[in-house]
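What follows is a short report on a single structure.
When reading the values below, keep in mind they use all heavy atoms of this one structure, side chains included, and skip hydrogens, waters and symmetry mates.
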Amino acid sequence: MEHLINSRVREIELSGIRKFFNMVNDYEDVISLTIGQPDFITPEHVKYAGKEAIDKNYTTYTHNAGYLELREAASHFVKSKYNLTYSPDHEVIVTVGASQAIDCTFRTLLEEGSEVILPSPVYPGYEPLIKLAGGKPIYVDTTANDFKLTAELINSHLTEKTRCIVLPYPSNPTGVTLNEDELKKIAELVEGKDLFVLSDEIYSELVYGKTHVSIASYLREQTIVINGLSKSHSMTGWRIGFLFAPHNVAKHLLKVHQYNVSCASSVSQRAAIEALTTGINDATEMKEAYKERLEYVYNRLVGMGLDVVKPDGAFYLFPNIKKFNQTSFDFARSLVEKAGVALVPGSAFSEYGEGYVRLSYAYSMEQLTEAMNRLEYYLQEYV
């Protein structure tokens, strides 16, 4: 009966990240730096708010867009942090994580054959959602440009079918982000054209040495901003994301969201209110720890002779392994087998990720130190 399954679904494959993670589980004594999940626990005051929500019977449906109090908190958060202004009444939607926000956006914007420009290498979660919505991903090679999607690169890939440009910065898998001047140039190129920008800013609170800037500051009417609490507040399992969009777009996003999930978890929403009010700066401690880990791991990689772009945010490094003349999968598998360290093959992030591996430093310094020692041993002994 498999032939009756939607052909678009049949063609989709499981994430290369998860495939490799699952494979690693078959090995013993492996330090896995594969999953992009904070190693911090959800803040205690946020957990308490979730428990209290259950005790106070916040266990029913909410407004489709989420509790107004949460939308107000989210609106205040992006205003105070990034100087973005959105009406909590009509321009903010609480979603089931950033992933559902992305899905809603593509299903709202795309029609059959619509093209979506993606900077590559890129997180593998976009392509399946684009294809399920009838769109076509257009990958742009950014490897010669420190993994940055520029106005020039975008312009060279624009066609009459282009409907959306994805700006996933800070980036998974590279950790790089775009500066104010680069965003302004993209905004100038896009302004007035019949297309949108999907700005995935889930790592916005994890930017090092500078403040995160959103392209919505310069292109508000054509930008849909996606954010959430998974990375900023270590709330991956609570599944709270946000859509910020101008009202004439948000009203259509809400329809897709409504028929998809009705609303996000009421209990998680109450915890999210606490996270965005009392815990508005909860990411500070994590960010300082990640910055320390970044410096350590980056310097170790450079000391091993690996070519790696130093990132501006998130918690990933994406070293180049092309000089070893192996595919990224073969390199990663051999590293697991011979040294007990797991990194994600770059090929999981599109064809332009081939020749790289992704390393997450969202792990303890003890784990990172041992992993770097094992990696150094592997490079000295086996390549």
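A donor-acceptor pair is defined here as one N or O able to donate and one able to accept, closer than 3.5 Å; such a pair exists between the side chain of Glu91 and the backbone of His247. Although no hydrogens or angles enter the test, the distance criterion places a donor-acceptor pair under 3.5 Å between the side chain of His257 and the main chain of Asn64. Not one N or O on the side chain of Asn227 forms a donor-acceptor pair closer than 3.5 Å with the backbone of Phe242. Although no hydrogens or angles enter the test, the distance criterion places no donor-acceptor pair under 3.5 Å between the side chain of Thr223 and the main chain of Val197. Side-chain atoms of Arg270 do not come within 3.5 Å of backbone N or O of Glu52 as any donor-acceptor pair. Without hydrogens or angle criteria, Ser268 side chain to Trp238 main chain gives a donor-acceptor distance under 3.5 Å. When atom types are taken as modelled, the side chain of Arg374 and the backbone of Gly340 share a donor-acceptor pair closer than 3.5 angstrom. Judged by distance alone, with hydrogens and angles left aside, the side-chain atoms of Gln222 form a donor-acceptor pair with the main-chain N or O of Val190 at under 3.5 Å. At least one donor-acceptor pair under 3.5 Å links the side chain of Arg163 to the backbone N or O of Leu109. Here the side chain of Thr34 pairs no donor or acceptor atom with the backbone of Ala342 at under 3.5 angstrom.
Two residues are said to be in side-chain contact when any heavy atoms from C-beta on lie closer than 4.5 Å; Asn179 and Val213 fail this criterion. Ser328 places a side-chain heavy atom less than 4.5 Å from the side chain of Ile321. Contact annotation: the side chain of Thr174 never approaches that of Val309 to less than 4.5 Å [non-hydrogen atoms, C-beta and beyond]. Using a 4.5 Å cut-off on side-chain heavy atoms (C-beta onward), Leu276 and Leu229 make contact. Side-chain atoms of Ile224 and Leu243, non-hydrogen and from C-beta on, do get closer than 4.5 Å to each other. With a 4.5 Å cut-off on side-chain heavy atoms, Lys210 and Asp312 count as touching. For the pair Met372 and Leu359, the minimum side-chain heavy-atom distance is below 4.5 Å.
For Lys291, the NZ atom counts as loosely surrounded, since its 6.0 Å shell holds 12 or fewer non-hydrogen atoms of other residues, nucleotides or ligands. Heavy atoms from other residues, nucleotides or ligands lying under 6.0 Å from CD of Gln380 number more than 12. Summarising the local packing, NZ of Lys136 is surrounded by 12 or fewer heavy atoms from other residues, nucleotides or ligands at distances under 6.0 Å. Heavy-atom neighbours of Tyr27 OH from other residues, nucleotides or ligands within 6.0 Å: above the threshold of 12. Annotation for Lys161: atom NZ does not count as buried by contact number, only 12 or fewer foreign heavy atoms lying within 6.0 Å. Other residues, nucleotides and ligands contribute more than 12 heavy atoms inside 6.0 Å of the CG atom of Asp55. In the displayed structure, Tyr363 atom OH is contacted under 6.0 Å by more than 12 heavy atoms of other residues, nucleotides or ligands. In the displayed structure, Glu285 atom CD is contacted under 6.0 Å by at most 12 heavy atoms of other residues, nucleotides or ligands.
What you find for Val176 and Tyr169 is that their closest heavy atoms are O-CD2, 3.4 Å. Closest non-hydrogen pair, Ala314 versus Ser171, comes out as CB-O, 4.0 Å. Looking at every heavy atom in both residues, Val225 comes nearest to Ala216 through CG2-CB, 3.6 Å. In terms of heavy atoms, Thr236 sits closest to Ser230 at CA-OG, 3.5 Å. Smallest separation of non-hydrogen atoms from Val383 and Leu379: CG2-O, 3.2 Å. The two residues Ser232 and Ala283 come nearest to each other via the heavy atoms O-CB, 3.4 Å.
By the side chain to side chain donor-acceptor pair (under 3.5 Å) test, Thr59 is found to be paired with no residue, residues two or more places apart in sequence or in another chain being considered. For Glu376, the side chain to side chain donor-acceptor pair (under 3.5 Å) partners at least two apart in sequence or on another chain are Arg300. Among residues two or more places apart in sequence or in another chain, the side chain to side chain donor-acceptor pair (under 3.5 Å) test is passed with Arg293 by Asp39. Every residue two or more places apart in sequence or in another chain that forms a side chain to side chain donor-acceptor pair (under 3.5 Å) with Tyr218 is listed here: Glu180.
Salt bridge Asp181/Lys184: absent, no basic N to carboxylate O contact under 4.0 Å. Salt bridge present: Lys47 and Glu44 bring a charged side-chain N and a carboxylate O closer than 4.0 Å. With salt bridges taken as basic N to acidic carboxylate O contacts below 4.0 Å, none links Glu152 and Lys185. One finds a salt bridge joining Lys310 and Glu295 here, because a Lys/Arg side-chain nitrogen approaches an Asp/Glu carboxylate oxygen to under 4.0 Å. In this structure, Glu11 does not pair ionically with Lys131, as no charged nitrogen and carboxylate oxygen lie closer than 4.0 Å.
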N/O donor to acceptor pairs below 3.5 angstrom from side-chain atoms of residues 76-83, sequence neighbours left out:
residue, atom, partner, partner atom, Å
Lys79, NZ, Asn83, OD1, 3.1
Lys79, NZ, Thr85, OG1, 3.3
Ser80, OG, His76, O, 3.0
Ser80, OG, Phe77, O, 3.1
Lys81, NZ, Glu205, OE1, 3.1
Lys81, NZ, Ile280, O, 3.4
Lys81, NZ, Asn281, OD1, 2.7
Tyr82, OH, Ser204, OG, 2.8
Tyr82, OH, Glu205, OE2, 2.6

Kindly indicate, with the supporting measurements, whether the criterion side chain to side chain contact (heavy atoms under 4.5 Å, CB included) is fulfilled by Asn172 and Arg358.
CA-CA 9 Å; Asn172 174 6; Arg358 190 193 74 174; 2.8 Å; yes

For Phe324 and Tyr382: C-alpha separation, side-chain torsions, deciding distance, then whether ring-ring contact (aromatic ring centres under 6.0 Å, His included) applies.
CA-CA 10 Å; Phe324 302 127; Tyr382 295 105; over 10 Å; no

Run the numbers on Gln367 and Ser364 for side chain to side chain donor-acceptor pair (under 3.5 Å), then give the verdict.
CA-CA 5 Å; Gln367 289 173 297; Ser364 70; 3.2 Å; yes

Assess the residue pair Leu317 and Leu294 against the criterion (side chain to side chain contact (heavy atoms under 4.5 Å, CB included)); give the C-alpha distance rounded to whole Å, side-chain angles, the decisive distance to 0.1 Å, and a yes or no.
CA-CA 8 Å; Leu317 285 153; Leu294 164 62; 3.9 Å; yes

Before giving the answer on side chain to side chain contact (heavy atoms under 4.5 Å, CB included), spell out for Val166 and Val122 the whole-Å C-alpha distance, their side-chain angles and the decisive distance to 0.1 Å.
CA-CA 10 Å; Val166 175; Val122 69; 5.7 Å; no

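Remark: Arg220 qualifies as a cation-pi partner of Tyr86 under the 6.0 Å distance and 45° angle criteria applied to the six-membered ring.
When Tyr203, Tyr361, Tyr290 are each tested for a ring pair (Phe, Tyr, Trp, His ring centres under 6.0 Å) with Tyr316, only one passes: Tyr203.
Among pairs with a residue in residues 105-137, those fulfilling ring pair (Phe, Tyr, Trp, His ring centres under 6.0 Å) read Tyr123-Tyr126, at least two apart in sequence or across chains.
Defined by atom type and a distance below 3.5 Å, a donor-acceptor pair is missing between the side-chain atoms of Gln326 and Ser334.
Cluster annotation: Leu206 is not connected to Leu84 through the hydrophobic network of ILVMFWY side chains, with a link wherever side-chain heavy atoms come within less than 4.5 Å. Phe349 and Leu198 sit in two unconnected hydrophobic clusters of ILVMFWY residues. Membership requires side-chain heavy atoms under 4.5 Å apart, directly or through other members.
Of the inter-residue distances, the one linking Thr42 atom OG1 with Glu274 atom CD reads 12.5 Å to the nearest 0.5 angstrom.
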